[in-house]
> 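Dropping the structure in here first, questions after.
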Amino acid sequence: EVQLVESGGGLVQAGGSLRLSCAASGFTFDDYAIGWFRQAPGKEREGVSAISIVDGSIYYADSVKGRFTISSDNATNTVYLHMNSLKPEDTGVYYCAAEPFMTARAMGRIREDAGSWGQGTQVTVSS
């Protein structure tokens, strides 16, 4: 059974940093792509960043390019999202998701009814 557990969210002032973690288990990590998504109140869920362990590709939404960095630790089956220069508009619940045999770009665009999802972690950026 695929399990994804997010952690690392919290309250931070604008300009600050956070590191989110997505601990994955129950599947062959090397065969998957892992994505980070966020949902703000009253808004649709959006893809923020993704990494394909399969082909090494990486995807970032335009809104986070240059500020967020995604990385993976294949020894511990964990994907990190390093978030710098945070803005109030980065506020939302951040989810990680996994899907096999996808590029990072495709992973960043999966529908909510596709893939396996974690429970989410709240990120709040105050102005």
Side-chain angles (χ1 to χ4, degrees):
E1 179 187 2
V2 174
Q3 288 194 326
L4 302 167
V5 179
E6 302 96 334
S7 61
L11 173 64
V12 64
Q13 289 188 330
S17 300
L18 283 173
R19 188 186 75 166
L20 304 184
S21 300
C22 174
S25 62
F27 59 94
T28 303
F29 194 70
D30 291 353
D31 291 342
Y32 274 67
I34 309 292
W36 283 99
F37 300 78
R38 66 186 178 193
Q39 188 163 21
K43 294 188 177 181
E44 293 185 354
R45 190 172 296 187
E46 63 170 335
V48 173
S49 181
I51 185 168
S52 173
I53 312 302
V54 178
D55 67 5
S57 59
I58 287 177
Y59 162 81
Y60 295 104
D62 288 343
S63 58
V64 305
K65 281 181 181 176
R67 300 189 298 121
F68 291 11
T69 303
I70 193 168
S71 63
S72 68
D73 182 341
N74 293 11
T76 62
N77 290 1
T78 303
V79 172
Y80 300 99
L81 185 67
H82 306 260
M83 306 187 296
N84 297 319
S85 302
L86 283 163
K87 304 175 181 180
E89 51 264 43
D90 294 319
T91 293
V93 180
Y94 282 68
Y95 302 88
C96 66
E99 182 74 355
F101 303 115
M102 297 190 81
T103 66
R105 185 176 181 85
M107 186 66 203
R109 288 167 164 75
I110 65 166
R111 301 192 315 266
E112 289 187 43
D113 61 351
S116 300
W117 295 80
Q119 81 290 348
T121 186
Q122 176 71 45
V123 172
T124 303
V125 184
S126 63
S127 58

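A quick note: this is a predicted structure, and the numbers were derived from the prediction, not measured. Note that these values count all heavy atoms, side chains included, but never hydrogens, waters or copies made by symmetry. Position 1 is the first residue of the sequence; numbering continues from there.
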> Given the rule that I, L, V, M, F, W and Y join up when any side-chain heavy atoms are under 4.5 Å apart, are Ile51 and Val54 in one cluster?
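In one cluster with Ile51: Val54, no.
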> Can you name the closest pair of heavy atoms from Tyr60 and Phe68 and give their distance?
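Smallest interatomic distance, heavy atoms only, reads CE2-O, 3.3 Å.
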> Strictly distance-based, threshold 3.5 Å: is any side-chain N or O of Thr28 a donor or acceptor partner for the main-chain N or O of Asp31?
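No; judged by distance alone, with no hydrogens or angles, the pair does not exist.
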> Report the residue from Arg109, Gln39, Arg38 that forms a side-chain hydrogen bond (donor to acceptor under 3.5 Å, both in side chains) with Glu46.
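Result: among Arg109, Gln39, Arg38, Arg38 is the only option passing the side-chain hydrogen bond (donor to acceptor under 3.5 Å, both in side chains) with Glu46.
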> Can you see which heavy atom on Gly47 is nearest to which on Ala61, and at what distance?
O-CB, 3.4 Å
> Please determine if Asp90 and Lys87 form a salt bridge, counting it only when a charged side-chain N lies under 4.0 Å from a carboxylate O.
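Salt bridge absent between Asp90 and Lys87.
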> Could you tell me whether the side chain of Glu6 and the main chain of Gln119 form a donor-acceptor pair under 3.5 Å?
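Confirmed, Glu6 side chain pairs with Gln119 backbone.
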> Taking Trp36 as the starting point, is it possible to reach Tyr80 by hopping between hydrophobic residues whose side chains are less than 4.5 Å apart?
no
> May I ask you to check whether over 12 heavy atoms, not counting those of Arg67, lie within 6.0 Å of atom CZ?
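Above 12, so yes.
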> Partners of Phe27 by ring-ring contact (aromatic ring centres under 6.0 Å, His included), sequence neighbours excluded?
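Partners of Phe27 under the ring-ring contact (aromatic ring centres under 6.0 Å, His included) test: Tyr32.
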> Which heavy-atom pair separates Leu4 from Cys22 by the least distance, and what is that distance?
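Here Leu4 and Cys22 meet closest at CD2-SG, 3.9 Å.
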> Please check if Val48 and Tyr59 belong to a single hydrophobic cluster, counting links between Ile, Leu, Val, Met, Phe, Trp and Tyr side chain heavy atoms closer than 4.5 Å.
no
> Please find the pair of heavy atoms, one from Ser85 and one from Ser17, that lie closest to each other, and give the distance.
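The answer is N-OG, 4.4 Å.
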> Any non-hydrogen side-chain atom of Met83 less than 4.5 Å from a side-chain atom of Val12?
no
> Between Thr121 and Ser7, is there a donor-acceptor pair closer than 3.5 Å when you use the side chain of the first and the backbone of the second?
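No, because the side chain of Thr121 does not come within donor-acceptor range (under 3.5 Å) of the backbone of Ser7.
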> May I ask you to test the Phe29-Ile34 pair for a side-chain heavy-atom distance under 4.5 Å?
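Yes, side chains in contact.
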> Testing the basics here: between Ser21 and Thr78, what is the closest heavy-atom pair and its distance to 0.1 Å?
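Looking at all heavy atoms of both residues, the closest pair is CB-CG2, 4.3 Å.
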> Taking it one step at a time, do Ser72 and Ile53 satisfy side-chain contact (heavy atoms from CB on, under 4.5 Å)?
CA-CA 8 Å; Ser72 68; Ile53 312 302; 3.7 Å; yes
> Testing the basics here: between Asn74 and Asn77, what is the closest heavy-atom pair and its distance to 0.1 Å?
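Heavy-atom minimum between the residues: O-OD1, 3.2 Å.
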> Linking Ile, Leu, Val, Met, Phe, Trp and Tyr through side-chain heavy atoms less than 4.5 Å apart, which residues share a cluster with Met102?
Phe37, Val93, Tyr95, Met107, Ile110, Trp117
> Taking the side chain as every heavy atom from C-beta outward, state whether Arg105 and Ser57 have any pair of such atoms under 4.5 Å apart.
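No - every pair of side-chain heavy atoms lies 4.5 Å or more apart.
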> Kindly indicate whether the side chain of Gln122, heavy atoms from C-beta on, has any atom under 4.5 Å from the side chain of Thr91.
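In short, these two side chains touch, coming nearer than 4.5 Å.
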